[in-house]
Amino acid sequence: MKFGVITFPGSNCDQDMIYVLEKIMGFEVVNLWHKDDDLQGAEFIILPGGFSYGDYLRSGAIANYSPIMKKVVEHANNGGYVLGICNGFQILCESKLLPGTLLHNNHQKFVCKNTYIKADNNASAINQGLDTSEALKIPIAHAEGRYFATEEMLKEMNENNQVIFRYCNENGEVNAASNPNGSLENIAGVCNKNKNVFGMMPHPERAADMELGNTDGLKIFEAMMNAIQAVV
Amino acid sequence: METVGNQTEVTVETAKELGLLPEEFEQIKTILGRTPNFTELSIYSVMWSEHCSYKNSIKWLKTLPKEGPHMLAEAGEENAGLVDIGDGLACAFKIESHNHPSALEPYQGAATGVGGINRDIFTMGARPVAQLNSLRFGDISLDRTKWLVKGVVKGIGDYGNSFGIPVVGGEVFFDECYNTNPLVNAMSAGIMKADKMISATSYGVGNPVYIVGSATGKDGIHGAAFASKDITEDSMDDLPAVQVGDPFQEKLLLEASLELAETDAIIGMQDMGAAGITCSTSEMSGKEGFGMTIDLDKVPTRQAGMLPFEILLSESQERMLVVVKKGREAEVKAIFDKWDLNCEQIGEVTEGGRLEYYMGGEKVADVPAESLILGGGAPIYEREYREPAYYKEYQKFNIDSIEEPKDLKSVAKYLWNHPNIASKKWVMEQYDSMVGTVNMSTNKPTDAGIINLKGLQKALAFTVDCNARYVHADPEKGCSIAVAEAARNIVCSGGEPSAITNCLNFGNPYNPEVYWQFVGAINGMRKACEKFKTPVTGGNVSFYNQSMQNEKDVPVFPTPTIGMMGIVPDKTKVKTLAFQNEGDRIYLLGEAKNDISSSEYLYAYHKMKESPAPHFDLDEEFALQSILKGLIAEDLVVSAHDCADGGLFITLLEAAMPNNLGFEVNTDSDFRKDAYLFGEAQSRVVVSVSAKQEEQFVEAMAASDVAFTLLGEVKGDSMLVDDENYGKVSDAKAEFESALENYLTK
């Protein structure tokens with residue numbers, strides 16, 4: 001599987017993502033540029049974290065209009081895999097590849113810390129190999145991460161198993177105290193109806209290197225790749 | 001040159017208005033052989049300001065050790081010091097203040113401080129990998145303080161988070177001496193290939209000179225001069241002297257600069273910080289004795305009609321001056337085009353060392369570059385100094401004058417809830433500490449911030465330290481302690497101290513008592529740096545941190561912040577500060593003392609503000625650190641934590657909290673119990689040792705001259721001192737972690 005990691009001006013987790021895929025997991029990765037209009041044969045596209053175009057207007061709002069995004073939308077609509085992390089998730093919501101939106105955190109501050117999340121179900125490639133009772137320690141770092149969708153949308157998403165991760169405490173309990181930003185229903189990540197486009201606010205790539213003392217994020221990537229490669 | 005912007009007749013009065021002394025005005029006339037015009041006078045006023053020229057400090061700064069076996073660029077040679085860290089790599093690091101702007105506009109003041117210090121690093125070709133900051137504010141109960149804290153923290157966060165470099169350490173301290181003048185010191189460190197340094201230099205007649213990055217606006221004009229005077233009620237009029245930051249532009253400039261560093265198309269590059277185009281053109285030219293002609297009409301500006309002095313002095317952020325090798329212009333332009341950044345040729349290198357600035361086709365200023373800069377024509381002063389009366393008074397303090405409280409449990413609780421001791425989580429969580437995936441301290445708390453060097457056996461360690469209360473009580477000893485504590489933090493984490501950068505925050509240097517503090521601090525720093533073999537790689541001086549309060553000039557505590565870099569030779573031996581296992585023995589390395597001088601306990605709890613610095617002996621400290629390095633190298637300790645603010649008890653609590661492990665310890669009846677638990681005598685470290693290694697540990701210690709005491713063991717979930725229960729660790733932790741937020745938001 002060949003990965004494409006996009007660098008928008010202001011992306012700052014692109015190299016971290018590439019390091020995990022290439023050096024830790026051993027995949028082929030191509031670094032795509034926002035002005036490109038070719039995915040260079042990448043089969044799995046990742047939109048990394050950061051502050052694309054400064055995010056002065058609204059997170060992800062301008063990145064949505066970059067040339068590369070036209071290709072990403074095409075790729076997704078053809079069933080290709082796309083994952084957005086943090087700012088990448090915000091961009092995917094702006095581009096309507098994912099339902100809902102990400103609002104300012106309820107405490108109105110940027111927050112960077114370890115949080116716990118758990119797979120809500122095993123319905124999509126990204127969570128199908130994970131234990132739904134296991135809390136995974138994955139850090140967050142964002143000011144606009146409060147997931148919001150209308151009641152109707154939420155109902156549909158829940159019915160379709162489109163909520164991929166929820167914030168929980170270290171014992172796996174989903175409750176108000178373990179919600180770091182006021183997200184509806186503790187939602188930390190979602191996917192589209194077809195389950196080929198994923199978005200999540202927590203940063204699994206920051207928890208993927210043994211040397212940093214936490215590999216819960218690697219667990220997510222590995223489970224996902226096992227699921228995908230089993231199908232292929 | 002009676003042209004644009006130079007209609008004003010220049011007299012000594014004009015010079016004084018721009019902050020120059022009458023004798024400096026005379027000196028300028030001698031240099032030029034005529035009276036300067038207004039643009040030229042403006043140029044001298046900023047370049048000869050304290051901020052740019054170091055005129056009142058350089059004499060003493062030169063006494064600091066700057067040479068070391070691993071120094072690739074020494075203090076003053078480049079934008080930041082550069083240390084060889086082996087494996088073909090070098091580390092550039094520096095700390096800088098942004099105190100004055102932050103006092104007026106905390107958000108932009110702090111944000112642009114972060115921007116400026118990072119530019120100093122990447123302008124050399126190094127990619128920033130770690131940021132730290134050292135913040136000082138006034139009485140936390142004041143609304144102004146709360147406003148400043150929130151603004152500064154948000155400013156640092158918004159800028160640094162977007163720019164994408166992790167914050168791996170810092171300090172936050174409150175004292176009423178900072179009520180008007182907060183201190184905002186930002187540090188950045190970067191990594192580069194040792195042979196790829198971009199120099200801040202200019203040579204080669206005919207080589208084109210480019211300005212790159214943001215457009216130039218009217219912000220920050222006379223910022224350097226503003227930073228070189230006291231804060232008064234008129235300071236709000238200086239608001240335009242505060243710059244506005246754009247971290248997105250900075251991020252683009254970073255990536256473009258590092259691509260540029262990979263080519264060999266340029267001669268030199270310098271960041272535009274204080275005094276903007278003026279400072280960068282003169283410092284780059286002055287170094288090799290070349291000159292420049294600069295056409296100010298070519299400078300991209302944000303607004304029309306800017307006068308020459310405004311363009312020259314503007315401190316608009318996110319700009320660089322680049323001298324390109326003739327014939328390689330297209331390569332350079334292509335890089336900046338890729339990142340959608342301005343890249344305009346504004347002039348070229350000339351022979352003869354003169355800076356000639358043109359506008360509207362006419363020459364608006366003509367000055368010799370060398371006359372403007374430090375090490376060239378900029379003035380150097382010796383200031384008089386005098387020991388203030390308080391110094392001797394403080395020495396008279398006797399511990400017997402303080403009655404020992406009956407209930408030490410409530411003292412402990414008071415301390416872990418004190419804003420200077422309580423967790424800085426509310427602040428730190430607003431900074432991205434994990435971007436870059438190199439912070440090894442996230443999941444393994446350490447005394448210094450540890451930065452992973454991916455693919456290598458080693459890691460880097462960084463810390464910022466200064467207990468300004470000690471420096472105030474005794475500048476020489478206090479500043480030695482600041483260096484020693486930084487080194488101790490690095491050693492406790494498994495590192496080897498390498499070099500320091502300093503940020504010297506003081507009051508008005510024309511006040512002999514303030515200058516006495518400055519001289520004392522420099523002397524103390526020199527002694528400690530020589531002992532630890534940590535050369536001073538650079539930094540900055542911030543004078544004039546004082547203001548009128550109740551019709552009295554009140555300077556801040558002398559605050560020489562030390563930023564230290566260390567190397568962890570084997571990253572598998574990074575040592576955590578946290579207790580790991582029940583049953584591990586807890587030992588104190590170093591001597592207990594009957595000493596509560598200048599402790600938070602004495603100062604805040606007993607409200608006794610007049611006492612000397614705590615016990616400190618440089619040789620004792622050195623011996624302690626040497627033995628600890630050996631213990632860590634041989635894996636004889638499980639955890640190591642520096643005994644600092646709040647004393648032994650707080651050190652134990654901090655080691656207990658991360659894994660919620662309690663402790664049972666005994667004090668020593670030879671000492672007052674309050675001194676034993678809360679005194680801040682230096683050169684002490686708390687370690688935990690596994691039972692099976694205890695014998696080996698004791699042998700190693702016994703063979704050294706360093707004192708060591710068995711305190712007790714890691715046990716249960718409560719804090720037991722002499723069989724008295726000080727409460728559950730988890731309860732203390734809940735208060736410790738929420739105290740600061742409660743102070744700031746309630």
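A note on names: the letters A, B, ... follow the listed sequences, proteins ahead of strands, and every chain is numbered from 1. No hydrogens, no waters, no symmetry mates; every other heavy atom, side chains included, goes into these values.
Atom-to-atom distance recorded for A:Ser52:OG and B:Lys251:NZ is 12.0 Å, nearest 0.5 angstrom. Rounded to the nearest 0.5 angstrom, B:Asn161 CG and A:Asp55 CG are separated by 12.0 Å. The distance from the NZ atom of B:Lys444 to the CD atom of A:Glu211 is 11.0 Å, given to the nearest 0.5 Å. Remark: A:Cys112 SG to B:Gln430 CD distance equals 11.0 Å, nearest 0.5 Å. We find the NE2-OG1 distance between A:His203 and B:Thr437 to be 11.0 Å, quoted to the nearest 0.5 Å. How far CZ of B:Phe248 is from OH of A:Tyr56: 7.5 Å, rounded to the nearest 0.5 Å.
Inter-residue side-chain proximity for A:Phe110 and B:Glu429 is flagged as unmet; no heavy-atom pair is nearer than 4.5 Å. Under the 4.5 Å side-chain criterion, counting only non-hydrogen atoms from C-beta, A:Asn214 is not in contact with B:Thr442. Put simply, the side chain of A:Arg206 does not reach to within 4.5 Å of the side chain of B:Asn439, judged on heavy atoms. When side chains are defined from C-beta on, B:Val438 does not count as touching A:Leu212, because their heavy atoms never get closer than 4.5 Å.
The part of A:Lys137 that comes within reach of chain B is its side chain, from C-beta onward, which places non-hydrogen atoms under 4.5 angstrom from that chain. There is no contact between B:Val574 and chain A, counting heavy-atom distances below 4.5 Å. No part of B:Lys425 comes within reach of chain A, as not one of its non-hydrogen atoms sits under 4.5 angstrom from that chain.
A:Tyr19 carries B:Lys454 over the face of its six-membered ring, with the cationic atom under 6.0 Å from the centre and within 45° of the normal.
Listed for the A:Asn12 side chain is a donor-acceptor partner under 3.5 Å among the backbone atoms of B:Ser162.
Across all their heavy atoms, A:Cys13 and B:Val435 have their closest contact at SG-CG2, 4.3 Å. For the pair A:Pro139 and B:Met434, the tightest heavy-atom approach, listed with the atom from each and the gap, is CB-SD, 3.3 Å.
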Q: Check step by step if salt bridge (charged side-chain N to carboxylate O under 4.0 Å, His left out) holds for B:Asp432 and A:Lys113.
A: CA-CA 8 Å; B:Asp432 193 333; A:Lys113 64 177 183 184; over 6 Å; no

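Interface check for chain B: of the options A:Ile140, A:Asn114, A:Asp209, the most heavy-atom pairs under 4.5 Å are formed by A:Asn114.
Comment: A:Lys35 engages B:Asp340 in a salt bridge, judged by a side-chain N to carboxylate O separation of less than 4.0 angstrom. At a threshold of 4.0 Å, the pair B:Asp158-A:Lys109 does not count as salt-bridged, since none of the basic side-chain nitrogens sits closer than that to a carboxylate oxygen.
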